[in-house]
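Following: one structure in C-alpha cells, then a few remarks.
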Amino acid sequence: MNQELSSVNRSVGLVRVAVAAGQALLLFLLYRAAMDKVWPALAPQWFFPLLLCGLSLPVMAISSLGQMRSAALLRWLAVLLLVLVSLTQHDWLRRNGWNNGWGLPSDEVQIAFPSPLLFFFSAVCLYVAQALKLAYEQNRQWLGSYPVYFDLSWKLLVQLVFSLIFVGALFALLHLGSALFMMLKLDFLKRLLEKEWFNIPVAVLSFACALHLTDMRPSIVRGIRNLLLVLLSWLLPVATLVLSGFLAALLFSGTELLWQTKHATNLLLSSCVVLVVLINTAFQDGTALQATARILRWSARVACVLLPILAALALRALQLRIGQYGWSSDRVIAVMCALIALSYGLAYLRAALKAGGLLSSIAGVNIVMAYVQLAVVLAMFSPLLDPARIAVADQLARLQQGKVSAEQFDYAYLRFEGGRYGRAALEQLQQLQPEKALPQAATIRARAAQALALTHRGREKADVITPYEVWPQGAVLPQGFLKQADGTAAPWLSADHRACLIAKTRGCDVLMQDMNHDGKPEVLVLGRGSYYGGSLYAELSPGVWVHKGQVDLQTQECAGVKEALQAGQVKAVPGWDVLEVAGARLVVTPEFAKRRHCTP
C-alpha cells in the first residue's frame, strides 16, 4: 500500500513539474514579447488574458492534481479559462472602447494595462472558487459538509502563503550567495540573477515544488494551520474590546467627526473584514467553540453583534458621499463590499442570538456567502454591474439636473476613469445643442472638448490656462518652426510637444538658446511638472527644423534650474553638449543616445 501511494505521489509530482515547466516557458515568452515589443505584447487585449491565465491556471491545475479526476480537472480549467478571458476582454473594452479595443485605427491613446482591481479580485475569487470546487469533488454536492470546506480552504491558503515564503527565501539565499562571491570578485551568480531566463523558471518551479511538498505532508500543513488559528483566535477578544470601545465613544462624540475624516468607509469595512476573519478563527470547523475558553465564546458572540453595526455605518458614510458627489467606480465597489459585510453581519447576529452560544448556523452562512461573493464580483466585472457605466450615468444625470454646475463638473473623471462610457458621454456633451440643452451648454461643450483632448490625468487645469511659455521673457517662437510643426512634414516633433505647441491641450515650456554659437537660437522644449525632460530642435536650413537631441533633468535634484531657465541665466558650452544653469550642467544627449540626468 505504501509503495503504491509513493508511486502515485511520484507520478503526481512529475506532472506538477511538467505543468510548472510549461508555465515558466509561457511566462518567459510573454516577458520577452513585452521587452521586444512583438506580438502578443503589441495587442494588449490578448496579451493580458494570456498573462492572467498563465499566472493562475497552472497553479489551479497543480493544486487540483491528485484531488480531482482528470476529466473533471480539464472541464474545470476550461471554465476558468473562459471566465478569465471574458473578464479581461471586458476590462479592455470598457476602458478603451470598441474602436481601440481590437487594434483598429484611432487617435485615442490606448490604456495598455488592465485594471489593478481586476488582478486583485481575480486572485481572491480564484482562491474561493478553487476551495469550493475541491470541496464539491469530495462532497459531490454544492452545499456539503462544512468541515470539508473548512479543511480544504485553510489548507489551500496555508499552501499558497508558505510556497510564496519558500520562493522568497530561495531568492534571498541566492542573493546572499551572490554577495559572498562578489567579495571574491566572482560575479557569475550576480549576472545569473539578472537574467529573466533564470529567474522566471526558478521562481515558477520552486513555487510548484513547494505546493507539491506541502500537499504530500498534510499533517504538517494541518499543524501549521491549527497553530495559526489558535494564535489568531486570541486576537478576537482584543478586537472586540477595541471596536466596542470605539462604538461606545461614538455614542458620545456623535458621527459628524467620523464623516469629516472622508475615509471612514475604508476603516469601517476593514474592521468588518477583521471581525469576519477572527470570528471564523475561533469558530473553525464548527466544533472548536465547544472546547475553547469562555472568553473566546463570549467575544465571538459580541463580535457578531458589532459586525452589522459597523457595516451599517460604512453604508451610511457611503450614502453621504454619494449624496454630495454622486456615484464613482470606487463607490460602487465599496457599496457592494458594504452590502456583503452587512449580509455577513445580519446572518452572524442571528447565529449569536440563538441559545447555546456555539454559532452553529455560521457554517451554512459561510458557504452561501462564498457563492454570493463570486456572483457579485463576476457581475461587477461584466456589463451587468459595471461600476464605470453606473458612475458615468449618474454623473451625467447630476449635471443635467443641475446638482453640479458646468464649472465644477469633473470632466476629467469621465475622460480617464469612466472608460469608453465616459468618453462617449464627453462626445455627447461636446455636441450639446443650446436650444435643447442646459443654460450652460456653451461651457459644457468647451470643457468636454478640452477633456477629450487631454492625454494625462491631473494636467487639465494647466493645459487649458497656459499651454506653453517661451523663455527668456520677450522671446518668441520662430514662425517657421510653428508652421513646420503644424504640418505633416514634422515627424521629428513628439506627440506630447505637438499637443502643447499646436493643439494646446498640454503644458510645456520653451527655451530659446543659441547652442552652437552660430547666431541663431535653437528651440529647447521642456515638459512641465517635477520632471523636466525635453527635446532640442535646430534649424537645418531656412524653415527646415530637425530634432537634435534629448534633455533630462529633475528639478528636485537640481535646485534653481527652473528659475534660472525662466530668467534666461543660461550659458551654452561649445559643442552642442551642455548648458550651464544655476551651477549645474544640463546634458543634451544626441538623438537615440542613452539619456543622462543633470550633474553638479
Side-chain angles (χ1 to χ4, degrees), residues 117 120-121 124 128 232-233 235-283 295-354 357 359 361-362 365-366 368-370 372-373 375-377 379-380 385 387 390-391 394-395 398 403:
L117 288 175
F120 172 76
F121 280 105
V124 173
V128 173
L232 289 176
S233 66
L235 293 176
L236 182 58
V238 179
T240 304
L241 181 63
V242 170
L243 293 173
S244 298
F246 164 74
L247 292 177
L250 195 63
L251 291 175
F252 295 97
S253 65
T255 56
E256 284 304 316
L257 292 175
L258 191 63
W259 311 143
Q260 290 173 9
T261 61
K262 297 184 179 180
H263 57 265
T265 301
N266 294 335
L267 292 176
L268 292 167
L269 288 178
S270 299
S271 301
C272 292
V273 172
V274 168
L275 281 184
V276 170
V277 171
L278 293 182
I279 289 170
N280 281 281
T281 59
F283 181 72
I295 187 175
L296 283 180
R297 292 200 297 271
W298 278 102
S299 296
R301 297 188 76 174
V302 173
C304 290
V305 176
L306 299 178
L307 184 55
I309 300 174
L310 293 169
L313 286 172
L315 279 172
R316 175 57 178 164
L318 282 167
Q319 181 189 19
L320 293 174
R321 296 292 289 176
I322 292 168
Q324 284 181 297
Y325 304 107
W327 288 93
S328 67
S329 297
D330 291 341
R331 292 180 196 124
V332 173
I333 295 172
V335 165
M336 297 298 174
C337 294
L339 289 174
I340 290 174
L342 184 62
S343 301
Y344 268 110
L346 294 175
Y348 280 22
L349 176 61
R350 181 172 178 271
L353 295 178
K354 289 184 177 180
L359 309 178
S361 61
I362 281 182
V365 172
N366 286 342
V368 172
M369 289 305 298
V372 169
Q373 290 174 68
V376 169
V377 170
M380 284 196 304
L385 286 178
I390 295 172
D394 179 71
Q395 292 298 328
R398 285 169 55 82
K403 294 182 179 179

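Keep in mind that the numbers below use all heavy atoms, side chains included, and drop hydrogens, waters and symmetry copies. Since the structure is predicted, the reported quantities are computational estimates derived from the model, not experimental observations.
- To the nearest 0.5 angstrom, I362 atom CD1 is 6.5 Å from N366 atom CG.
- Side-chain contact check for V377 versus V128: every heavy-atom pair is 4.5 Å or farther apart.
- The minimum heavy-atom distance linking C272 with A311 is given by the pair SG-N, 3.7 Å.
- Nearest heavy-atom pair across L296 and S233 is CD2-O, 3.1 Å.
- Across M369 and S343, no two heavy atoms sit closer than the pair CE-CB, 3.8 Å.
- Within the model, atoms CG of L353 and CZ of R301 stand 7.5 Å from one another, a figure rounded to the nearest 0.5 Å.
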Given L307 and L349, is the side-chain contact (heavy atoms from CB on, under 4.5 Å) satisfied, shown in steps? CA-CA 8 Å; L307 184 55; L349 176 61; over 6 Å; no
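- Nearest approach of A312 to L342, heavy atoms of both residues: N-CD1, 4.3 Å.
- Taken to the nearest 0.5 Å, the CG atom of L267 stands 8.0 Å off from the CZ atom of F246.
- Remark: R321 engages no residue in a side-chain hydrogen bond (donor to acceptor under 3.5 Å, both in side chains) (not counting sequence neighbours).
- Here ring pair (Phe, Tyr, Trp, His ring centres under 6.0 Å) pairs that include residues 310-349, with residues two or more places apart or in two chains, are Y344-Y348.
- Residue M380 holds its CE atom at 8.5 Å from CG of L117, rounded to the nearest 0.5 Å.
- In this structure, the side-chain contact (heavy atoms from CB on, under 4.5 Å) partners of A303, at least two apart in sequence or on a different chain, are L236, T240, L275, I279.
- Each side chain to side chain donor-acceptor pair (under 3.5 Å) pair with one or both residues in residues 266-277, not counting sequence neighbours, would appear here, but there are none.
- The backbone N or O of R331 lies less than 3.5 Å from a partner atom in the side chain of S328, making a donor-acceptor pair.
- Residues satisfying the side-chain hydrogen bond (donor to acceptor under 3.5 Å, both in side chains) criterion with T261, sequence neighbours excluded, are absent altogether.
- Shortest non-hydrogen contact noted between A338 and L269 is CA-CD2, 3.6 Å.
- At a threshold of 4.5 Å between non-hydrogen side-chain atoms, the residues L243 and V274 do not count as touching.
- Between M336 and V376, the closest heavy-atom pair is CB-CG1, 4.1 Å.
- The shortest side-chain heavy-atom distance between L315 and L268 does not fall under the 4.5 Å cut-off.
- Within a 6.0 Å radius of CZ in R398, other residues, nucleotides and ligands contribute more than 12 heavy atoms.
- With sequence neighbours left out, the side-chain contact (heavy atoms from CB on, under 4.5 Å) criterion links Q260 to E256, L257.
- Under the rule for a side-chain hydrogen bond (donor to acceptor under 3.5 Å, both in side chains), W298 has no partner lying at least two apart in sequence or in another chain.
- Judged as a side-chain contact (heavy atoms from CB on, under 4.5 Å), and not counting sequence neighbours, the contacts of L232 are L228, L235, L278, T281.
- In this view, L241 satisfies the side-chain contact (heavy atoms from CB on, under 4.5 Å) rule with no residue, not counting sequence neighbours.
- Atoms CG and CG, on L313 and L247 in that order, are 6.5 Å from each other to the nearest 0.5 Å.
- Here NZ of K403 is found 10.5 Å from CD of Q395. Values are rounded to the nearest 0.5 Å.
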